[in-house]
Amino acid sequence: EEAQADLAERLNEVKAARILLSQELAPLGVWSASLEDTIQSALQYRKVIEQQLTEVKVNEAQAQIDLSIYRPTIALVNTLYWNKGVGYTSIGPPWVSEARSDLWNGSTLLQITFTGFDGGQARMTAAASRRRARAAEAGFQQAVNQVRRDVQAFYAQVKQGREAVVLASQRANAASEALRLQSLRFNAGYGNITDVVQAQQDLTGAVSDYIDQLADYNISLVSLSRASGLTYQEDPSLLQEIGNPLSKLRIPRLTPVSK
């Protein structure tokens, strides 16, 4: 109830009783994709990596454009003129009403241009473009490595977290069974209240550890899904294996036998 009230205050909800769980606390599923497939999907999913790679290519192309001033440029220019005359012959007057003349004039020009010296400006500009390209490439490689590290970390947490959740659920079930036996002993007059209280504390600690492990596992699944763009799959076998350890918090009723 205290945690429910704290959550209501955080959500600015007047009535804390309105905040209820939409579903039982349970594993979200299982991660079925392999590590390499997950990494490849994450690299394609991150748009910032694609932008950095584009920046590398743009700066490399700009460096080539800057240096092109030192390279000879060859231009082949073809021109063709057509002059049609009406009323005059091709040699001029006099006026002849039915005279027609066509004058064709064609030319071809081969032009070669190059820059011999510009004070090194083009080379300096190209060097600056190459430096920007190397910086973008370093950023690209750094982003790729960071994505790999994140995915590998989340993937390992998911694999280890599944086993941790199973073990935590088994400890909770064992603690629940121990509490049941201590309660029976106490009700039968063979145990004492100290053993029962200790069993209750053990069960509370086991269930609390189960909740922590389950939360870490679900967070790892969501983080891996957000990092890669893939999604996890439902795992009915895991749900069946774990059960609902939270139900074990129901403390048995004690009815001591009078001696």
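Values reported hereafter were calculated over all heavy atoms of this structure, with side chains retained and with hydrogens, waters and symmetry mates removed.
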What residues form a salt bridge (charged side-chain N to carboxylate O under 4.0 Å, His left out) with Glu177, not counting sequence neighbours?
-> Arg180

Do we see a donor-acceptor contact under 3.5 Å between the side chains of Arg149 and Gln146?
-> yes

Taking C-beta and beyond as the side chain, do Val147 and Ile39 meet within less than 4.5 Å on heavy atoms?
-> no

Is there a donor-acceptor contact under 3.5 Å from the side chain of Thr204 to the main chain of Gln200?
-> yes

Answer with yes or no whether the hydrophobic clustering places Leu214 together with Leu239; edges join I, L, V, M, F, W, Y residues whose side-chain heavy atoms lie under 4.5 Å apart.
-> no

Treat each ILVMFWY residue as a node, draw an edge where side-chain heavy atoms are under 4.5 Å apart, and state whether Leu181 and Phe186 are in one component.
-> no

Minimal non-hydrogen separation, Asn218 against Leu28, with atom names = OD1-N, 3.0 Å

Compare all side-chain heavy atoms of Val151 with those of Leu35 and state whether any distance is below 4.5 angstrom.
-> yes

Give a yes or no on this: more than 12 heavy atoms of other residues, nucleotides or ligands lie within 6.0 Å of atom CD of Gln40.
-> yes

Could you pull out the closest heavy-atom pair between Ala172 and Ala206, with the gap in Å?
-> CA-CB, 3.7 Å

Heavy atoms only: give me the nearest Val165-Gln213 pair and the separation to one decimal.
-> CG2-O, 3.6 Å

Please tell me if the side chains of Tyr217 and Val166 come closer than 4.5 Å, counting only heavy atoms from C-beta onward.
-> no

List the steps, then state whether side chain to side chain contact (heavy atoms under 4.5 Å, CB included) holds for Val77 with Thr79.
-> CA-CA 7 Å; Val77 181; Thr79 58; 4.2 Å; yes

Contacts of type side chain to side chain contact (heavy atoms under 4.5 Å, CB included), residue Glu60, not counting sequence neighbours | Val56, Ala133

Between Ile74 and Leu76, is any pair of side-chain heavy atoms under 4.5 Å apart?
-> no

Please list all pairs passing the side chain to side chain donor-acceptor pair (under 3.5 Å) test where one or both residues lie in residues 223-236, with sequence neighbours left out.
-> Arg162-Asp235, Asp235-Ser237

Would Ile211 and Val222 show up in the same hydrophobic cluster when neighbours are defined by side-chain heavy atoms closer than 4.5 Å?
-> yes

Can a donor-acceptor pair be found between the side chains of Ser176 and Asn173 at a distance below 3.5 Å?
-> no

What closest approach, in Å, do Val196 and Gln182 show between heavy atoms, and which atom pair accounts for it?
-> CG2-O, 3.7 Å

Would Leu224 and Leu230 satisfy side chain to side chain contact (heavy atoms under 4.5 Å, CB included), going step by step from the backbone distance to the final call?
-> CA-CA 8 Å; Leu224 190 56; Leu230 301 176; over 6 Å; no

Quick one: list whatever passes side chain to side chain contact (heavy atoms under 4.5 Å, CB included) with Thr125, sequence neighbours left out.
-> Asp66, Gln121

Taking atom CG of Leu203 and atom CD of Gln201, what is their separation to the nearest 0.5 Å?
-> 11.0 Å

Rounded to the nearest 0.5 Å, how far apart are CG of Asn145 and CD of Gln152?
-> 9.5 Å

Run the side chain to side chain contact (heavy atoms under 4.5 Å, CB included) check on Val144 and Leu43 step by step: do they pass?
-> CA-CA 7 Å; Val144 170; Leu43 293 176; 3.9 Å; yes

Side chains of residues 153-160: which donor-acceptor pairs under 3.5 Å do they make with residues two or more places apart or in other chains?
unit_1 : atom_1 : unit_2 : atom_2 : d
Tyr155 : OH     : Ala33  : O      : 3.4
Gln157 : OE1    : Ser220 : OG     : 3.1
Lys159 : NZ     : Trp31  : O      : 3.4

What distance separates Leu80 CG from Thr108 OG1, expressed to the nearest 0.5 Å?
-> 9.5 Å

Any pair counted as salt bridge (Lys or Arg N to Asp or Glu O under 4.0 Å), so long as it reaches residues 206-215, sequence neighbours left out | Arg171-Asp209

Ile219, Tyr210: one ILVMFWY side-chain cluster at the under-4.5 Å cut-off?
-> no

